[in-house]
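This report refers to the structure that appears directly beneath it.
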Number of protein chains: 2
Amino acid sequence: MVDNIINNFTTVDNSSLVDKVEANLVELLQNRKLKVGDVIPKEIELVETLGVSRTVIREALARLRTMGLIESKKKKGSVITSPDIFGIMSKSMNPHILDQETLKEIFEIRLVLEIGMADFIFQKITKEDINELKEIVKNEPLSSESHLFNIDHEIKFHGKLYEITGNKTMKTFQRMLLPIFDYVHNSGLLQKQLEQKKFVSHKGLVDILENGSPELFRNAMRNHLENHFARLIMSAENVG
Amino acid sequence: MVDNIINNFTTVDNSSLVDKVEANLVELLQNRKLKVGDVIPKEIELVETLGVSRTVIREALARLRTMGLIESKKKKGSVITSPDIFGIMSKSMNPHILDQETLKEIFEIRLVLEIGMADFIFQKITKEDINELKEIVKNEPLSSESHLFNIDHEIKFHGKLYEITGNKTMKTFQRMLLPIFDYVHNSGLLQKQLEQKKFVSHKGLVDILENGSPELFRNAMRNHLENHFARLIMSAENVG
DNA sequence: TAGTTTTGTTATGTCATACATAATACATCA
DNA sequence: TGATGTATTATGTATGACATAACAAAACTA
């Protein structure tokens, strides 16, 4: 009996005014199918239409702005923008704040991406790309002297691979994840380097890109990243 | 002469007060290496320390809040939270707003992920998972009757694969991308279905999961997604 | 008349103050 | 003691004022 009464109260709307206005505005964007560049109503108009103070309107607009949905210009008002989805994310990508489990998962995603990219790389790669890769590899520090491998160089090589896919979003994604990788490498989150047993070197990967197939490349990349995998698995076992 | 003078003025920082305060706060989070749950200074304290109005402080805090970096409670103040990075992103994941190029790129990322996942799936998959997949496949509509293939069913099957990886972040990522896929499928963004030539069916994938290897699975998945690839490539050619 | 400067208008950015509201700690009373 | 009311505190909302940038129209000069 009492439970029923209580349950009737659980639907109390807990959201703040700003939440509602925000939802309202987002809905406006979605339903009206507004295009990039379209302007949305002025603050004052919204104040009158929605019946709340300018403070509330402004905070709601501020949210859309930080989400990259709109951009505000003096005099002109607020216009819809094509959000840089990962740009927003990158601000919250603070390795110090993300918990370790998430960090590890993000690291996994990187590995997944690089193996899965093979098809697109082969589809898009040009002669110039291969030459550029060769150039990068040429300047590669010897594996013997890089016990803790040269992370800058890693980024350069693998970054180029992302570039070749021609997928800007994916490239942005990688750039965003870089601080994470850096952090994960420097932290104790991964097992310390086993031995540096890269069955397939960067040079080997380039060779395959030149003469091989996506299938070969996937397996080679899998091998190349063997260390990372091994370390991830081990630390997972330590945790679990 | 005049040019020099002018040039001296070009370094005027264009950022608003809020921008500066925001940067200040983010830096605070990063440098002080604050942990989740730590409280940050009260609004009033920040007003006094930084010498700006509460309005500015509040908007900066609002930004951190929408980025999921902090959470504000009455009386208690603002505490640092572990941000749900993809949760934030999903709000700006409005297919109507994202431009077509980005949409296509996101779709590509999906394909890349699913091919690259193979290793993790094999590493984590259990007997129960396989049984569950079999169950899903059993209820599969016949491919003959699903000219435009059953998207709900696709999501169910592929979603389960994401789940098996045990990578919650990746799963979240997928969930976030679903509206995009839905939209891309229903839009004219992809070539209309060629013929439904799936060399490898869902059932075939399950068989491989049970008896095959990651390498086999990757190739099978590549094949399975052949339609998507073909359509992406074609529409890319149309554009380019 | 063409081109430049000035002025005015408009919408966002910032400030200040007051009050509302929720959460907590403290005091009060049965 | 333990439930209940009350004070305090920090965020939430409202309002009014002024600052500033962008743009447009008017005014002015060559």
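Order of the sequence lines fixes the chain letters, A, B, ..., with proteins taken first and strands second; residue numbering starts at 1 for each chain.
For K20(B) and dG13(C), the NZ to C1' distance is 12 Å, given to the nearest whole Å. R54(A) places its CZ atom 20 Å from the P atom of dA18(C), with the value rounded to the nearest Å.
For the pair D19(A)/R63(A), a side-chain contact is recorded, criterion being any heavy-atom separation below 4.5 Å from C-beta on.
Atom-to-atom distance recorded for I106(A):CD1 and I109(A):CD1 is 6.5 Å, nearest 0.5 angstrom. Distance check, rounded to the nearest 0.5 Å: CD1 of I121(B) to NZ of K160(B) gives 10.5 Å. Separation of atoms CD1 (I44(A)) and CD1 (I57(A)) is listed at 9.5 Å; rounding is to 0.5 Å.
Residues of residues 39-48 of chain A having a heavy atom closer than 4.0 Å to DNA chain C, listed by number: K42(A), E43(A). At a non-hydrogen distance threshold of 4.0 Å, T55(B), V56(B) from residues 55-62 of chain B come into contact with DNA chain C.
R65(B) and E59(A) are joined by a salt bridge, as a carboxylate oxygen and a charged side-chain nitrogen come within less than 4.0 angstrom of each other. The pair E105(A)-K168(B) does not count as a salt bridge, with every side-chain nitrogen at least 4.0 angstrom from each carboxylate oxygen. The residues E45(B) and K42(B) are annotated as not salt-bridged, no charged nitrogen and carboxylate oxygen being separated by less than 4.0 angstrom.
Close approach of DNA chain D to chain A, defined as any atom under 4.0 Å from a non-hydrogen atom of the protein, starts and stops at dT13(D) to dA22(D).
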Step by step, would you call K171(B) with R175(B) a side-chain contact (heavy atoms from CB on, under 4.5 Å)?
CA-CA 6 Å; K171(B) 175 68 178 158; R175(B) 215 194 319 274; 3.9 Å; yes
What verdict does the side-chain contact (heavy atoms from CB on, under 4.5 Å) test give for K73(B) and V79(B), after you've listed the backbone C-alpha separation in whole Å, the side-chain angles of each residue and the deciding distance to 0.1 Å?
CA-CA 8 Å; K73(B) 295 255 169 163; V79(B) 303; 5.8 Å; no
Test log, rule side-chain contact (heavy atoms from CB on, under 4.5 Å), inputs I136(B) and H153(B)
CA-CA 8 Å; I136(B) 292 174; H153(B) 193 270; 3.8 Å; yes
Short N/O separations, protein against nucleotides 20-25 of chain C, under 3.5 angstrom:
none

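Using a 30° and 60° split on the angle between ring planes, H202(A) and H158(A) fall in the perpendicular class, above 60°.
When the side chain to side chain contact (heavy atoms under 4.5 Å, CB included) test is applied to T55(B), the partners found at least two apart in sequence or on another chain are S53(B). In terms of the ring-ring contact (aromatic ring centres under 6.0 Å, His included) criterion, Y162(B) has no residue partners (sequence neighbours excluded).
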